[in-house]
Amino acid sequence: MDFPYMLKVFPEIGKYVPVTLLMAVAAMILAIIVAAILSIGQHHKTSRWLVDFYVLIFRGFPTLVIFFVGYYGLPQLLHSRSLVPASIAATICLALKEGAYLVEIFRSGIASVAKSQLETGLALGMSKSLVYRKIIIPQAIRVIIPPAGNTFVGLLKETSLAFSIGVTEIFGAGKLLATENFEYFDVYLVVGIWYVIMIYVYTLLQKLLEKRLARRFGEEAA
């Protein structure tokens with residue numbers, strides 16, 4: 001283990017942290033939108049089967065396969081060059097996959113809220129959509145955040161697969177350095193350390209958010 005070399009490459013690999021974070025955050029935001037749309041579809045008989053099929057496909061396909069189908073397969077099918085840059089394609093593919101997981105998390109979160117809350121809101125003359133916005137969803141968020149946070153951690157690590165379609169993020173930068181200098185152990189250890197740092201910081205932020213929500217709803221309940 002060459003510590004001086006590790007200290008040297010640490011900031012070099014760190015230059016690509018923004019790329020990894022941008023992909024992960026953008027993919028998570030898109031995944032939340034996808035999951036919200038799918039959640040609405042689950043409540044309609046005509047579209048429920050389509051949502052179930054979507055979840056089956058995107059939870060069943062490995063991430064790497066989704067990348068290759070989206071970035072290489074679709075352009076070939078459409079007889080065109082790559083439709084979007086590799087980084088955008090990877091972000092969209094990650095969002096579509098994670099959306100299939102989030103929709104189940106959303107469903108469980110909403111189901112955790114007592115049905116009497118909906119009935120009470122309707123009895124007070126509120127519309128169903130208003131009850132969901134003002135009563136159901138705010139309470140469900142407390143249940144949704146922990147598993148959704150775990151999903152984001154997994155998503156953050158899965159961005160490393162984007163290198164397979166030409167995106168140079170943390171893992172990609174490390175792979176290039178390792179191939180160039182043949183210092184595989186040291187370089188990949190530094191890559192792992194960067195992921196640990198990002199996940200640790202995110203975990204702290206999530207805990208702060210959970211405590212804030214707990215205080216807020218605790219005060220409302222009081």
Side-chain angles (χ1 to χ4, degrees), residues 17-44 48 51-52 54-56 58-60 63 66 90-121 126-162 169-170 192 194-222:
V17 167
V19 178
T20 296
L21 289 176
L22 181 60
M23 285 178 56
V25 172
M28 191 65 180
I29 292 172
L30 291 174
I32 290 172
I33 296 172
V34 169
I37 294 172
L38 293 175
S39 296
I40 295 173
Q42 281 184 327
H43 290 82
H44 295 81
R48 188 177 301 163
V51 173
D52 291 341
Y54 177 96
V55 172
L56 176 65
F58 280 95
R59 292 185 70 173
T63 305
I66 296 175
T91 300
I92 293 173
C93 288
L94 287 171
L96 293 175
K97 180 184 178 182
E98 298 308 322
Y101 287 91
L102 285 178
V103 66
E104 295 301 317
I105 293 173
F106 287 2
R107 182 186 62 77
S108 299
I110 292 174
S112 69
V113 181
K115 291 184 178 180
S116 59
Q117 303 258 8
L118 175 61
E119 296 170 355
T120 302
M126 300 172 68
S127 65
K128 189 174 183 180
S129 61
L130 185 60
V131 173
Y132 268 92
R133 290 200 309 271
K134 297 294 184 179
I135 301 175
I136 306 296
I137 293 178
Q139 294 183 68
I141 287 176
R142 288 187 299 170
V143 179
I144 289 171
I145 285 178
N150 292 334
T151 298
F152 179 75
V153 169
L155 169 61
L156 184 62
K157 291 185 286 188
E158 283 196 326
T159 58
S160 61
L161 296 174
E169 32 62 69
I170 290 179
W194 267 116
Y195 279 109
V196 170
I197 291 172
M198 288 188 294
I199 291 170
Y200 178 71
V201 171
Y202 169 74
T203 301
L204 291 179
L205 293 174
Q206 180 178 319
K207 287 181 179 178
L208 289 174
L209 178 60
E210 289 175 2
K211 288 180 180 179
R212 184 175 180 180
L213 288 173
R215 286 198 302 268
R216 174 184 174 186
F217 285 100
E219 290 172 359
E220 290 182 358

To check you understand the geometry: which heavy-atom pair defines the closest contact between [X] and [Y], and what is its length?
| X | Y | value |
| --- | --- | --- |
| Phe152 | Ala24 | CE1-O, 3.6 Å |
| Gly99 | Ala35 | O-CB, 3.7 Å |
| Ala31 | Glu98 | CB-CB, 3.9 Å |
| Gly149 | Gln206 | CA-OE1, 3.2 Å |
| Ala162 | Ala90 | CB-CB, 3.8 Å |
| Ala95 | Leu30 | CB-CB, 3.5 Å |

Enter the distance from [X]:[atom1] to [Y]:[atom2] here, rounded to the nearest 0.5 Å.
| X | Y | atom1 | atom2 | value |
| --- | --- | --- | --- | --- |
| Leu94 | Leu161 | CG | CG | 8.0 Å |
| Ile37 | Ile33 | CD1 | CD1 | 7.0 Å |
| Trp194 | Ile197 | CH2 | CD1 | 5.0 Å |
| Ile105 | Ile32 | CD1 | CD1 | 10.0 Å |
| Met28 | Thr151 | CE | OG1 | 5.5 Å |
| Leu102 | Ile144 | CG | CD1 | 9.0 Å |

Checklist line | Intermediate values then yes/no, side chain to side chain contact (heavy atoms under 4.5 Å, CB included), Tyr101 and Asn150 | finding: CA-CA 11 Å; Tyr101 287 91; Asn150 292 334; over 6 Å; no
Item checked: Step-by-step side chain to side chain contact (heavy atoms under 4.5 Å, CB included) determination, Leu38 to Tyr54 -> CA-CA 9 Å; Leu38 293 175; Tyr54 177 96; 3.5 Å; yes
Margin query: Quiz question: by atom type and distance under 3.5 Å, do the side chains of Glu158 and Thr63 form a donor-acceptor pair?
Written below: yes
Item checked: Test item: Tyr195 and Thr159 side chains (from C-beta on) under 4.5 Å apart, heavy atoms -> yes
Check: Residues two or more places apart in sequence or in another chain: which of them pass salt bridge (charged side-chain N to carboxylate O under 4.0 Å, His left out) with Glu104?
Finding: Arg107
Item checked: Candidate pair Leu156 and Leu21, rule side chain to side chain contact (heavy atoms under 4.5 Å, CB included), full reasoning -> CA-CA 7 Å; Leu156 184 62; Leu21 289 176; 4.2 Å; yes
Checklist line | Side-chain (Thr91) to main-chain (Ala26) donor-acceptor, under 3.5 angstrom | finding: no
Next item on the list: Any chance you could lay out the side chain to side chain contact (heavy atoms under 4.5 Å, CB included) test for Leu96 and Ile92, step after step, and finish with the verdict?
Entry: CA-CA 6 Å; Leu96 293 175; Ile92 293 173; 4.0 Å; yes
